[in-house]
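Take a look at the structure below.
The figures here come from the full heavy-atom set of this structure, side chains too, leaving out hydrogens, waters and symmetry mates. Letters A, B, ... mirror the listed sequences (proteins, then strands); counts begin at 1.
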Protein chains: 2
Amino acid sequence: MKLKFNFKKGKTMESNQFKTLISEEGLKSTRQRAEILDIFLNSTGHKNLAEIYAQVAKTNPKIGYTTVYRTLKLLTRLGLAAQRKFADGETRYESTAEGTHHDHLICLGCGKIVEFEDDGLESLQHRIARRHGFKIFHHRMELYGYCGPCAHKKTPLRRKG
Amino acid sequence: MKLKFNFKKGKTMESNQFKTLISEEGLKSTRQRAEILDIFLNSTGHKNLAEIYAQVAKTNPKIGYTTVYRTLKLLTRLGLAAQRKFADGETRYESTAEGTHHDHLICLGCGKIVEFEDDGLESLQHRIARRHGFKIFHHRMELYGYCGPCAHKKTPLRRKG
DNA sequence: CTTAAAATGAAATTGAAATTCAATTTCAAA
DNA sequence: TTTGAAATTGAATTTCAATTTCATTTTAAG
Ligand SMILES: [Mn+2]
Ligand SMILES: [Mn+2]
Ligand SMILES: [Zn+2]
Ligand SMILES: [Zn+2]
């Protein structure tokens with residue numbers, strides 16, 4: 001008796017989770033969604049749609065930009081992706097695979113994006129909110145400045161975070 | 001000998017400051033700019049262009065939307081206005097007349113926007129940045145939740161902040 | 001005044017986000 | 001397996017705020 005093993009466990013598990021989520025919503029599992037999900041979950045960083053689409057198109061040029069757009073919106077609705085709009089105005093997406101909440105440090109020189117968590121910050125936010133009679137559900141916290149290397153350089157190179 | 005006095009001192013002073021700033025930049029002082037500035041500085045809150053234009057048009061319907069747009073951009077460049085983009089995606093402007101830095105609490109129910117300052121928060125931000133080798137120049141900090149009234153109501157009314 | 005430069009405002013353009021719609025695919029039920 | 005309603009796809013189109021264009025008017029220096 002032969003058994004086949006899929007060694008890409010992480011991916012397979014994600015796909016199954018996805019299929020479950022999808023069907024629970026009365027939606028359908030499609031090749032396109034699976035491919036986009038796979039590529040998106042196996043990537044890191046904060047990418048705009050054009051970048052994600054480019055990556056998808058490398059694997060399957062038949063998949064349309066609109067489908068990538070709609071799938072990222074779907075993933076966001078399902079909690080698998082998070083949409084970010086930093087001060088440069090671009091709409092970016094990041095995977096929530098790691099799951100943990102975090103905020104961002106953004107280098108004005110090279111564009112590097114560093115993630116951080118700070119419990120003190122979170123609790124301070126709630127204290128401030130309570131002080132004004134608010135109940136907080138989420139927040140946006142971005143720190144803009146220069147990273148170590150850029151703080152020294154005269155002409156920092158632009159790269160992506 | 002007759003002297004004329006303008007009793008709207010605040011306004012006049014702002015106007016003079018503005019004329020100085022304007023001419024320092026090689027720009028010209030115009031009736032439109034003066035009117036828009038006057039209306040903008042004598043208003044409070046976080047308004048989008050359409051709202052500011054509507055207010056301007058009430059006083060002088062001859063002033064074009066484009067001029068209001070350009071003047072708000074100018075005021076932003078001169079530091080008299082600040083552009084804000086909260087999570088609803090709308091572009092808003094607020095006067096910096098008071099001058100002090102502040103962050104925002106935003107009610108998801110009624111849209112109310114409450115401003116706050118917290119030195120502890122500011123210093124914590126710098127501590128976090130230093131921890132990651134960053135030098136911070138500005139930040140964005142918005143807390144989203146429900147204000148006291150909305151936290152209780154079943155169907156909060158939408159109003160503007 | 002005269003004149004060059006700047007400003008105005010209606011109209012046109014831009015570009016990202018969102019929608020449309022005919023063709024295709026999915027999947028539950030037969 | 002077949003069927004067919006419902007969902008999805010993707011190219012094209014639309015939307016809509018932000019921005020630019022450009023002919024005309026206004027400002028202010030000389
Ligand atoms: Mn992140
Ligand atoms: Mn404010
Ligand atoms: Zn940097
Ligand atoms: Zn409220």
Quiz item: Could you give the start and end, 5' to 3', of the contact zone on DNA chain C for chain A, using atoms under 4.0 Å from its heavy atoms?
Solution: dA17(C) to dC27(C)
Exercise. Step by step, work out the side chain to side chain donor-acceptor pair (under 3.5 Å) result for Y144(B) and E142(B).
Key: CA-CA 6 Å; Y144(B) 295 89; E142(B) 294 145 23; 2.5 Å; yes
Quick one, [X] and [Y] - any side-chain contact, counting heavy atoms below 4.5 Å?
| X | Y | value |
| --- | --- | --- |
| R33(A) | L75(A) | no |
| I52(A) | L72(A) | yes |
| R77(B) | K73(B) | no |
| I106(A) | V114(A) | no |

With 3.5 Å as the limit, what N/O pairs link the protein to nucleotides 26-28 of chain D?
residue	atom	partner	partner atom	Å
dT27(D)	O3'	S29(B)	O	3.4
dT27(D)	O2	K28(B)	NZ	2.9
dA28(D)	OP1	S29(B)	N	3.1

Between the side chain of [X] and the main-chain N/O of [Y], is any donor-acceptor distance below 3.5 Å?
| X | Y | answer |
| --- | --- | --- |
| N42(A) | D38(A) | yes |
| K47(B) | T44(B) | yes |
| T67(A) | I63(A) | no |

Practice problem: Take Y93(B) and R33(A), find for each the nucleotide of DNA chain D with the closest heavy atom, and name the residue whose nucleotide sits nearer the 5' end. | Solution: R33(A)
Quiz item: Which pairs, with at least one residue in residues 99-126 of chain A and sequence neighbours excluded, count as a ring pair (Phe, Tyr, Trp, His ring centres under 6.0 Å)?
Solution: H46(A)-H104(A), F86(A)-H104(A), H101(A)-H139(A), H102(A)-H104(A)
Quiz item: So, R127(A) and D118(B), do they make that salt bridge, N to O below 4.0 Å?
Solution: no
Quiz item: Could D103(B) and R140(B) be called an ion pair, given the rule that one side-chain N must be under 4.0 Å from one carboxylate O?
Solution: no
Self-check item: Selection: residues 52-67 of chain A, any non-hydrogen atom under 4.0 Å of DNA chain D
Solution: K62(A), I63(A), G64(A), T66(A), T67(A)
Practice problem: Return the residues of residues 68-75 of chain A meeting this criterion: a heavy atom under 4.0 Å from some atom of DNA chain D. Order them by number, or give none. | Solution: R70(A)
Quiz item: Can you list the residues that meet the salt bridge (charged side-chain N to carboxylate O under 4.0 Å, His left out) rule with E94(B), with sequence neighbours excluded?
Solution: R84(B)
